[in-house]
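Treat the numbers as computed from the prediction; the structure is a model and nothing was measured.
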There are 2 protein chains.
Amino acid sequence: MNQATPNTLRDLLPSKGELTRQTILRAAADLASIEGLEGLSIGDLAKAVGMSKGGLYSHFGSKRELQLAAIETARAVVREAVFVPAAAAPPGLKRLWALCEGYISYHERKVFPGGCFFGNVGAEVDAKAGTLRDKLAQLYNGLHARFAGMVREAQGLGELDASADPVQLAFEIIAVIREAARLFLLDDDAGHFARARFAIAARLRPLLTEKSPALPDVPAPAAKEGAAGP
Amino acid sequence: MNQATPNTLRDLLPSKGELTRQTILRAAADLASIEGLEGLSIGDLAKAVGMSKGGLYSHFGSKRELQLAAIETARAVVREAVFVPAAAAPPGLKRLWALCEGYISYHERKVFPGGCFFGNVGAEVDAKAGTLRDKLAQLYNGLHARFAGMVREAQGLGELDASADPVQLAFEIIAVIREAARLFLLDDDAGHFARARFAIAARLRPLLTEKSPALPDVPAPAAKEGAAGP
DNA sequence: CCTACCGATCGGTAGG
DNA sequence: CCTACCGATCGGTAGG
């Protein structure tokens with residue numbers, strides 16, 4: 001802090017440059033959710049925010065730096081869209097369910113235009129060892145840990161059978177939600193989310209205790225005729 | 001068939017050009033499992049098979065044509081790696097379990113160097129409406145239908161409770177296997193597949209009947225300490 | 001934050 | 001199946 005003058009409102013507000021930077025990063029995250037972090041081109045990004053390529057390079061020294069910053073922005077978006085709302089629910093089973101619903105809704109609402117930023121970018125980098133892959137692995141590890149933590153919380157309150165393995169339960173919940181999200185992107189059928197909800201409710205039901213609040217009603221997904229195999 | 005001369009062995013064997021074509025396509029599928037169908041460049045592919053770009057274009061008129069052909073090749077690879085072996089198991093619950101194991105093993109063995117071709121390519125195209133996305137949607141539909149069909153078969157033989165929804169069951173099985181596969185690519189921990197197996201066995205167990213053959217023993221996955229959230 | 005440029009690589013083609 | 005090339009676009013830079 002080499003600021004001689006006293007703080008004014010103007011000093012505390014984000015500078016114009018910082019606002020531009022955030023605009024660029026949010027656009028970058030949106031584009032990367034469709035094209036991937038490599039497929040995102042600086043030229044297209046510049047066009048999307050109405051700037052020149054040179055203008056972008058005054059905010060980021062390299063494409064890689066922009067990619068890393070876009071990941072942080074996407075992380076903040078997920079936090080606001082999924083984790084913050086869930087934290088508003090009462091602790092225990094209700095909060096766990098709110099987290100599931102929030103994560104489902106995040107996919108269904110297409111908070112990012114190309115579906116989940118991390119789903120797309122994760123698939124893009126998962127076969128290439130390196131910093132980006134490790135970063136994504138760590139973020140997904142964190143996601144699983146969040147869900148597992150909520151399971152433990154519900155168990156601690158006696159609202160969920162203590163014998164269930166929280167990590168295993170988190171794995172299964174996230175699995176059905178992400179599978180639904182992928183199928184939804186491919187065929188635009190939101191019914192896949194009904195399957196995810198149904199699977200989660202059925203998995204939790206045998207674990208309920210007399211202390212458990214009631215689970216919301218989850219209708220059985222509509223039957224569907226099978227298609228031909230590959 | 002505008003062939004005047006009688007068939008000889010030579011006529012029935014694949015021509016040299018056809019063999020080259022297959023070599024190119026298998027290399028293309030391998031590369032696309034890492035880089036995606038767009039990320040795959042004709043120059044890199046030519047280098048991988050030891051040909052010039054011009055040489056490749058004598059087999060395929062355009063990149064798009066090559067992409068479509070590579071999808072068919074990848075489909076044949078999955079058929080040989082997953083569906084054919086499962087068909088060798090006795091019908092019913094055993095065959096369903098063999099299909100699960102085959103699908104898990106296909107991911108764990110990395111039949112494609114970048115993990116599942118369709119997982120990677122699906123994520124790449126799922127946000128872009130068009131022929132490729134529709135093709136992938138149809139293929140995944142077929143995968144789900146295969147699993148659902150095996151569930152129905154087991155039910156028909158009385159080896160699985162008839163009240164279970166085959167499509168829902170297929171959805172949940174595929175979900176945990178694919179989630180395990182994605183995590184495996186990110187952190188190289190094959191333990192995720194143990195979680196998938198455990199989830200499938202636990203899901204099937206309440207559906208077993210007195211006619212059911214015994215399920216293989218599936219050990220509970222090792223406990224794992226939670227990491228920090230995002 | 002812009003214009004104007006760099007070398008490299010992209011998909012694709014001509015001609016053999 | 002090759003060499004030699006095309007225009008377009010890539011990430012990135014210089015200079016202002």
> For A:Leu31 and D:dG11, give me the distance from atom CG to atom P, rounded to whole Å.
12 Å
> Should the pair B:Glu80-B:Arg26 be classified as a salt bridge under the 4.0 Å nitrogen-to-oxygen rule?
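Salt bridge between B:Glu80 and B:Arg26, a charged N being under 4.0 Å from a carboxylate O: no.
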> Could you give the CD-to-C1' distance, from B:Gln67 to C:dG11, as a whole number of Å?
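Interatomic distance, CD of B:Gln67 to C1' of C:dG11: 11 Å.
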> Quick one: does B:Glu124's side chain have a donor or acceptor within less than 3.5 Å of a partner on B:Gly36's backbone?
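No, because the side chain of B:Glu124 does not come within donor-acceptor range (under 3.5 Å) of the backbone of B:Gly36.
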> What integer distance in Å separates B:Leu40:CG from C:dT9:C1'?
15 Å
> So, OP1 or OP2 of C:dG11: does either fall under 4.0 Å of a side-chain N or O from B:Ser62?
no
> Suppose we call a contact any N or O donor and acceptor under 3.5 Å apart; does that hold for the side chain of A:Lys53 and the base of D:dG11?
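Such a pair exists between side chain and base.
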> Between C:dG11, D:dC10, D:dG12, spot the one nearest the side chain of B:Lys63, thanks.
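Selected nucleotide (nearest to the side chain): C:dG11.
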> Can you label the angle between the A:Phe112 ring and the A:Tyr106 ring as parallel, tilted or perpendicular, going by 30° and 60°?
perpendicular
> Please report the distance, rounded to the nearest Å, between NZ in B:Lys47 and C1' in C:dA8.
12 Å
> May I ask you to say whether B:Arg195 pairs ionically with B:Asp189, meaning some side-chain N is under 4.0 Å from a carboxylate O?
no
> Taking the basic N atoms (NZ, or NE/NH1/NH2) and the acidic carboxylate oxygens, is any pair closer than 4.0 Å for B:Glu72 and B:Lys135?
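B:Lys135 and B:Glu72: salt-bridged.
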> Please give, in whole Å, the distance from D:dG11 P to A:Glu38 CD?
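Interatomic distance, CD of A:Glu38 to P of D:dG11: 9 Å.
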> On the nucleotide C:dC1, are OP1 or OP2 found under 4.0 Å from the side-chain N or O atoms that A:Ser58 carries?
no
> What's the closest nucleotide to the B:Asp44 side chain, out of D:dC1, C:dC10, C:dG11?
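From the listed options, C:dC10 comes nearest.
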> To the nearest angstrom, how far is A:Leu66 atom CG from D:dC10 atom P?
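Spelled out: CG on A:Leu66 to P on D:dC10 is 14 Å.
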> From the set D:dG11, D:dC1, C:dT3, return the single nucleotide nearest to any side-chain atom of A:Ser52.
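The nucleotide sitting nearest to the side chain is C:dT3.
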> Would you mind telling me which of C:dG11, D:dG11, C:dC1 lies closest to the side-chain atoms of B:Ile42?
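Nearest to the side-chain atoms of B:Ile42, counting from C-beta on, is C:dG11.
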> Take atom OH of B:Tyr57 and atom C1' of D:dA4, then tell me their distance rounded to the nearest Å.
16 Å
> Across all strands shown, which nucleotide pairs with C:dG15 by Watson-Crick or G-U wobble geometry, both distances under 3.5 Å?
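Because both required distances fall under 3.5 Å, C:dG15 counts as paired with D:dC2.
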> Between D:dC1 atom P and B:Phe60 atom CZ, what is the distance in whole Å?
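Whole-Å distance recorded here is 11 Å.
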